[in-house]
Chemist: 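Structure incoming, see below.
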Amino acid sequence: MRVARAVAFAAAACGAASAEVREAAATRGTEANPPLWPKSVHVFDPGEKHVAQTAARLSALGSALGRVRAAFLFKPGTYAEPVAVGPCVQVLGLGAAPEDVALAGGVAVVGGDDGAPRGAENVHVPGDLAFAGGGLRRAVVGGAVRRCAARARERARSAAARYWGRSGPGSRATSPSTPPPPSTSTVTSQPLRPYAARNATPVVAEKPYVTIRADGTYDLRVPAPRFNASGPDHSEDPAVDFGAVFVATDAVDSDVIQEKLDRGLHVVLAPGYYDLEDGLVLSFSGQVEHAGTDGIRWLGENGTALHAEAILPFDGTQGSFGNGGHSGFAVGDFVKAHDALAVAVYGNFRDEAVVVRTAVRKSASPNATFEGATAAHLGGLGTIAAVINGDGAAVGPAGNKVSRWP
């Protein structure tokens, strides 16, 4: 399986959870622990002074279409100063549970609703959270989440805090306690139902995350799959010592990353713009990938996809991507049965005004069903001409920014 060149956002783990990979990594773990984080990663300490100023200065360097990305790693403790989150910045708590890192000063979006990706994971925000263009994972929010554009979920901590503020189409909610009534999009002025819900998820596995020990060394936590799951699960996950984890930067050649993968190591992509000369071959079962053609391609029968998301490649061209008929989410032409809920595809082409024929492509079978598919224009160039199989309004720089089907 090949991995095309990709734009990496934040310090997201790209390792695997399979027993085969864990065994190989355990016997060949020769990496430094603690790792030598690159300049794109800043580790905050609760005793550190000027947290707000440092976060604001680093956040100001990012842009929606630029090559600067950053990750803020917070050691366990309480942070009284506000944390600025700029374009292409991710906030990551290093505790074993979200409550271990309390951002008491709140999180402030820098740059407004510019369509750039942002993220917050494994943290506790005691009050309300105003967030734009990003996703929340393993996050505890004591108040309301407002304006979490297209990708968000929050866990309320008390009966009074169970109000879900407006967050836009395609929002994540597997089993909200009290979903609000339909709202109206400020872009299209069309009635939208911003929440798509199921009572339980048949199977789900969260992405790996990073934690720190009392002695300053790090672990990679690899969540196990959950079946028929409902609501959050913040239990402690199995740990992989960072001695078996390679921290890659965008200055590293693809053959170096490939050598680490071939040895069975986990790989963490530090924030950066990964313009790889060669694709990466994933040989161990369980390793993950970021595709450069269809963002997600589903060929199996009787599949279920809940809240799946795909961002079209920033550096895509009309010749390689548009004319190739690629989509963000594709179900094979011969698939007879598929069930998808709240699939979202985002376009943000940097170099060319690429025209993507449809955000979602599916087989003609009546048993291949989609509920609440969304196409969104995050910024930059290019147009997504339809939402699903040619149906649904186009999105682009001169028209709608969000389109939903049906």
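In what follows, residues are counted from 1 in the order of the sequence shown. Side chains are part of it too, since the values below use all heavy atoms of this structure and drop only hydrogens, waters and symmetry mates.
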Chemist: What's the shortest heavy-atom distance between Ala310 and Gly295, and which atoms?
Modeler: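 Here Ala310 and Gly295 meet closest at CB-CA, 4.4 Å.
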Chemist: Decide yes or no on side-chain contact (heavy atoms from CB on, under 4.5 Å) for Arg404 and Val387, but give the supporting numbers first.
Modeler: CA-CA 7 Å; Arg404 185 180 172 90; Val387 180; over 6 Å; no
Chemist: Among all residues two or more places apart in sequence or in another chain, which pass the salt bridge (charged side-chain N to carboxylate O under 4.0 Å, His left out) test with Asp100?
Modeler: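 None.
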Chemist: After noting the C-alpha distance and the side-chain angles of Val240 and His266, does the key distance pass the side-chain contact (heavy atoms from CB on, under 4.5 Å) rule?
Modeler: CA-CA 9 Å; Val240 176; His266 297 260; 3.8 Å; yes
Chemist: In Å, rounded to the nearest 0.5 Å, how long is the span from CD of Glu81 to OG1 of Thr54?
Modeler: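 One gets 8.5 Å once the value is rounded to the nearest 0.5 Å.
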Chemist: Is any side-chain heavy atom of Val89 closer than 4.5 Å to a side-chain heavy atom of Leu58?
Modeler: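 Not in contact.
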Chemist: Holding to salt bridge (charged side-chain N to carboxylate O under 4.0 Å, His left out), I want the full list of residues that pass it with Asp45, two or more places apart in sequence or in another chain.
Modeler: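 With sequence neighbours excluded, Asp45 shows a salt bridge (charged side-chain N to carboxylate O under 4.0 Å, His left out) to Lys75, given in chain and number order.
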Chemist: Roughly how far, to the nearest 0.5 Å, is CH2 of Trp37 from CG of Leu73?
Modeler: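 Atom-to-atom, Leu73:CG and Trp37:CH2 are 5.5 Å apart.
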Chemist: What residue pairs, at least two apart or across chains, pass side-chain hydrogen bond (donor to acceptor under 3.5 Å, both in side chains) with a residue in residues 353-362?
Modeler: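 The answer is Asp294-Arg361, Ser327-Arg361.
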Chemist: Quick one, Leu312 and Asn348 - any side-chain contact, counting heavy atoms below 4.5 Å?
Modeler: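 Side chain of Leu312 against side chain of Asn348, heavy atoms only: no contact under 4.5 Å found.
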Chemist: Excluding sequence neighbours, so at least two apart, what forms salt bridge (charged side-chain N to carboxylate O under 4.0 Å, His left out) with Arg226?
Modeler: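 With neighbours one apart ignored, the set is Asp233.
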Chemist: Can you name the salt bridge (charged side-chain N to carboxylate O under 4.0 Å, His left out) partners of Glu259, sequence neighbours left out?
Modeler: Arg263
Chemist: For Ala70, does its backbone N or O pair with a side-chain atom of Ser40 as donor and acceptor, under 3.5 Å?
Modeler: no
Chemist: Where is the tightest heavy-atom contact between Ile384 and Ala375, given as atom of each residue plus distance?
Modeler: CG2-CB, 4.2 Å
Chemist: Just checking, is any N or O donor in the side chain of Glu309 or Tyr346 under 3.5 Å from an acceptor N or O on the other one?
Modeler: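 Side chains of Glu309 and Tyr346: pair found under 3.5 Å.
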Chemist: Please check: side-chain N/O of Thr374 versus main-chain N/O of Ala344, any donor-acceptor pairing under 3.5 Å?
Modeler: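 A pair under 3.5 Å: no.
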Chemist: Atom CG in Asp351, atom CG in Leu381: separation rounded to 0.5 Å?
Modeler: 8.0 Å
Chemist: With distance as the sole test, does Ser365 use its side chain to make a donor-acceptor pair with the main-chain N or O of Asn367 at under 3.5 Å?
Modeler: yes
Chemist: Looking at Leu220 and Pro208, what are the two nearest heavy atoms and their distance?
Modeler: CD1-CB, 4.0 Å
Chemist: Tell me, with the steps shown, if Val247 and Phe242 meet side-chain contact (heavy atoms from CB on, under 4.5 Å).
Modeler: CA-CA 9 Å; Val247 178; Phe242 250 69; 3.8 Å; yes
Chemist: At what distance, to the nearest 0.5 angstrom, does CZ of Phe321 lie from CZ of Phe349?
Modeler: 5.0 Å
Chemist: Lys401 side chain to Pro397 main-chain N or O, any donor-acceptor pair under 3.5 Å?
Modeler: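 Checking the backbone N and O of Pro397 against the side chain of Lys401, a donor-acceptor pair under 3.5 Å is found.
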Chemist: So does Ala120 get a backbone contact from the side chain of Gln90, meaning a donor-acceptor N/O pair under 3.5 Å?
Modeler: no
Chemist: Under 3.5 Å, side chain of Ser403 to main-chain N/O of Val395, donor-acceptor pair present?
Modeler: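 Here the side-chain-to-backbone pair does not exist.
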Chemist: As a quick check of understanding, evaluate side-chain contact (heavy atoms from CB on, under 4.5 Å) for Arg138 and Asp237, giving each step before the final call.
Modeler: CA-CA 12 Å; Arg138 288 180 58 86; Asp237 294 301; 3.8 Å; yes
Chemist: Are Val267 and Leu269 close enough that some pair of their side-chain heavy atoms sits under 4.5 Å apart?
Modeler: yes
Chemist: Quick one: ring-ring contact (aromatic ring centres under 6.0 Å, His included) partners of Trp298, sequence neighbours excluded?
Modeler: His338
Chemist: Show the nearest heavy-atom pair for residues Arg69 and Phe314, with the distance to one decimal.
Modeler: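 Smallest heavy-atom distance, with atoms named: NH2-CE2, 3.2 Å.
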Chemist: Considering residues at least two apart in sequence or located in another chain, which fulfil the side chain to side chain donor-acceptor pair (under 3.5 Å) criterion with Ser320?
Modeler: Thr317
Chemist: What residue pairs, at least two apart or across chains, pass salt bridge (charged side-chain N to carboxylate O under 4.0 Å, His left out) with a residue in residues 264-274?
Modeler: none
Chemist: Of all residues at least two apart in sequence or in a different chain, which pass the side-chain contact (heavy atoms from CB on, under 4.5 Å) check with Asp215?
Modeler: Arg213, Thr217
Chemist: Could you verify whether a donor N or O on one side chain and an acceptor N or O on the other, from Tyr218 and Asp241, lie under 3.5 Å apart?
Modeler: no
Chemist: What pairs with Phe74 under ring-ring contact (aromatic ring centres under 6.0 Å, His included), at least two apart in sequence or on another chain?
Modeler: Phe44, Tyr79
Chemist: State, to 0.1 Å, how close Gly93 and Asn122 come at their nearest heavy-atom pair, and which atoms those are.
Modeler: O-ND2, 3.0 Å
Chemist: Nearest 0.5 Å, please: how far is CZ in Phe72 from CG in Leu103?
Modeler: 11.5 Å
Chemist: Please name all residues satisfying side chain to side chain donor-acceptor pair (under 3.5 Å) with His42, sequence neighbours left out, ordered by chain then number.
Modeler: Glu48
Chemist: Using side-chain heavy atoms (C-beta onward) and a distance below 4.5 Å, is Val360 in contact with Phe370?
Modeler: yes
Chemist: Say you draw a straight line from CD of Glu31 to CG of Leu265; how long is it, rounded to the nearest 0.5 Å?
Modeler: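 Answer rounded to 0.5 Å: 5.5 Å.
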Chemist: Just to verify, what does Ala239 make a side-chain contact (heavy atoms from CB on, under 4.5 Å) with, not counting sequence neighbours?
Modeler: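 With neighbours one apart ignored, the set is Asp219, Arg221.
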